[in-house]
Each structure stands twice: as C-alpha cells, then as structure tokens.
Amino acid sequence: MRAHVRRPILPLILAVTALAAVRMPAAAQNGCTAPESVPLAISAEPVQVAPGESAPVNAFWWSSYAPPTPVPANCRVTWQVEPREAGRVSRGSVRAAATALPGSEFTLVVRVGSRVARQTVHVVDPRPNPLAGYWSQRDTAACTGGGDHLSPPETIRELILRRDSAFSLTAVPFETRRDYWGRYSYDEGTGELRLVVENANQERGDLALEGTARVVGDELRLEGFWLGDVRYNRANRTCAYVFTRRR
C-alpha cells in the first residue's frame with residue numbers, strides 16, 4: 001500500500017498567482033485605473049521618423065469626446081516593434097533602424113494588461129522639408145479674378161503638411177475632424193506645390209490646388225490657390241493665402 005504523500009501547496013499558489021497577474025486586465029492592476037469601454041491608444045497623430053531618428057510616444061486612454069488621458073504610471077506598460085529589426089522602443093521614444101528606407105512602414109505595439117493598441121510608424125525622408133508643420137491662416141486671402149464685389153474665401157484655421165507628404169485642411173478645427181485630406185508634391189527649386197485630395201468630410205465646392213509655396217521664417221505663403229469655401233464656388237478666382245506656423 002503506497003503511503004499518501006502531502007505535496008506542498010505554496011508552489012501551486014505562486015503559479016496561480018503568476019498566471020492571474022499575466023491575465024490581469026488593466027483595471028485590475030494594483031494602482032492602475034482604466035476607464036470602462038475606453039480603448040488604449042498611442043497617438044491621434046501619425047508617428048513619423050527618419051532612418052536612425054527617434055520620436056516621442058506614449059500610451060493613452062482614448063475617447064472621441066474628451067482629450068486623451070495618459071495611462072497612469074502605476075500601470076505596467078510594455079512596448080514592441082513589429083518586425084523587431086525595423087526599430088526599437090525605449091524610455092518613451094521609438095527609433096527607426098538606421099537602415100530603414102524612406103517610404104517604408106513598421107508597427108508600434110503597446111500593451112497594458114489585456115488591452116493592446118497598434119499604430120503604424122512612417123519612415124520619412126531625412127532631408128529637411130520647409131513646408132512640414134501645422135499652419136493657421138492669419139488674415140483673409142487676397143484674391144484676383146471674378147470681380148472685386150465677391151467676398152474673400154473662408155479663413156483656413158488649420159493646414160497640416162506632414163513630412164511624409166500627407167496633408168489635411170480644416171476651416172474650423174474640432175477634435176480630430178478634417179475637411180479634406182490627401183497627398184502633396186513640392187518642388188523646392190521652383191516652389192511648385194500640388195495638393196491631391198483623397199477623401200473629405202466637408203464639401204468645399206470647386207478647388208484650385210496647384211500653385212506656388214514659399215516659406216519665410218514662420219510664414220507660409222500660397223499663391224494661385226483656391227482652397228474652397230462652403231458658401232460659394234470660386235468664380236474663376238485664385239488667391240494668395242498667408243499662414244503662420246503653429247508648430
């Protein structure tokens with residue numbers, strides 16, 4: 001008759017505890033609070049880095065009706081890059097590999113408990129792009145053609161030109177909404193700028209999106225454009241828009 005052997009229960013308790021910790025949702029982590037039904041996010045804006053360059057990143061609780069809330073410091077946050085050789089994440093920044101090709105992409109992944117967020121990182125040309133930035137129209141545009149009796153077009157409060165040649169335009173910014181957006185091409189030698197609309201949330205009438213662009217200090221001047229107006233069409237006019245850099 002085999003004697004009954006009493007096995008120690010401490011290792012079993014530790015194993016179950018460790019498993020529970022791995023599966024513990026964000027809200028159940030000690031000192032970590034996660035709003036109900038609010039997803040985890042990395043950034044509302046595109047993440048763009050040149051080869052060998054770093055950009056700051058952070059984890060947020062994201063809601064469409066409120067500003068993003070940083071994940072509390074007490075939460076266990078883990079990061080990774082997919083594929084691993086594309087770059088690395090450390091101390092609140094993501095770095096693209098020095099061998100990354102401009103125009104390529106990789107994925108940034110963050111985990112807080114059982115919640116996961118992914119965001120594409122765009123590898124951009126390392127050469128300076130004088131147009132890149134967030135711009136706001138300072139004064140009404142000066143227009144030619146169509147008659148002097150016509151009112152100036154609607155003021156554009158937000159024009160975003162990104163390093164990866166994406167753009168968006170919004171007359172009245174509200175949260176993450178955009179009027180229209182797409183891609184742009186720019187010849188720094190001639191100053192020729194061409195905007196190509198890919199999608200829109202707001203119909204702004206007929207557009208004239210080819211002209212010249214010039215940056216002097218924190219001022220961007222567009223000439224030969226009609227960026228649209230919700231009230232009326234351009235009536236054969238083109239305008240000179242002056243924008244001030246916001247950031």
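- Of the residues T212, V242, L159, the one that meets the side chain to side chain contact (heavy atoms under 4.5 Å, CB included) test with L222 is L159.
- Residues E219 and R214 are not paired through a salt bridge, judged by the lack of any N-O separation under 4.0 Å between the basic side chain and the carboxylate.
- Classification of the W226-Y232 ring pair by plane angle, with boundaries at 30° and 60°, yields tilted.
- Nearest heavy-atom pair, V123 versus A100, reported as atom, atom and distance to 0.1 Å: CG1-CB, 4.0 Å.
- Hydrophobic clustering (ILVMFWY, side-chain heavy atoms < 4.5 Å, transitive): Y184 and I160 are in distinct clusters.
- Counting only N and O atoms by type, the side chains of R178 and Q202 include no donor and acceptor under 3.5 Å apart.
- A salt bridge between R221 and E223 is present, with a side-chain N of the basic residue lying under 4.0 Å from a carboxylate O of the acidic one.
- Salt-bridge annotation for R231 and D229: present, with a side-chain N of the basic residue lying under 4.0 Å from a carboxylate O of the acidic one.
- Salt bridge E53/R163: present, at least one basic N to carboxylate O contact under 4.0 Å.
- For the pair F106 and T120, the minimum side-chain heavy-atom distance is 4.5 Å or more.
- Comment: R204 does not engage D206 in a salt bridge, judged by the lack of any side-chain N to carboxylate O separation of less than 4.0 angstrom.
- Shown here for F167 and V197, the closest heavy-atom pair between the two residues is CZ-CG2, 4.3 Å.
- Cluster membership for V47 and V81, using ILVMFWY side-chain heavy atoms within less than 4.5 angstrom, is shared.
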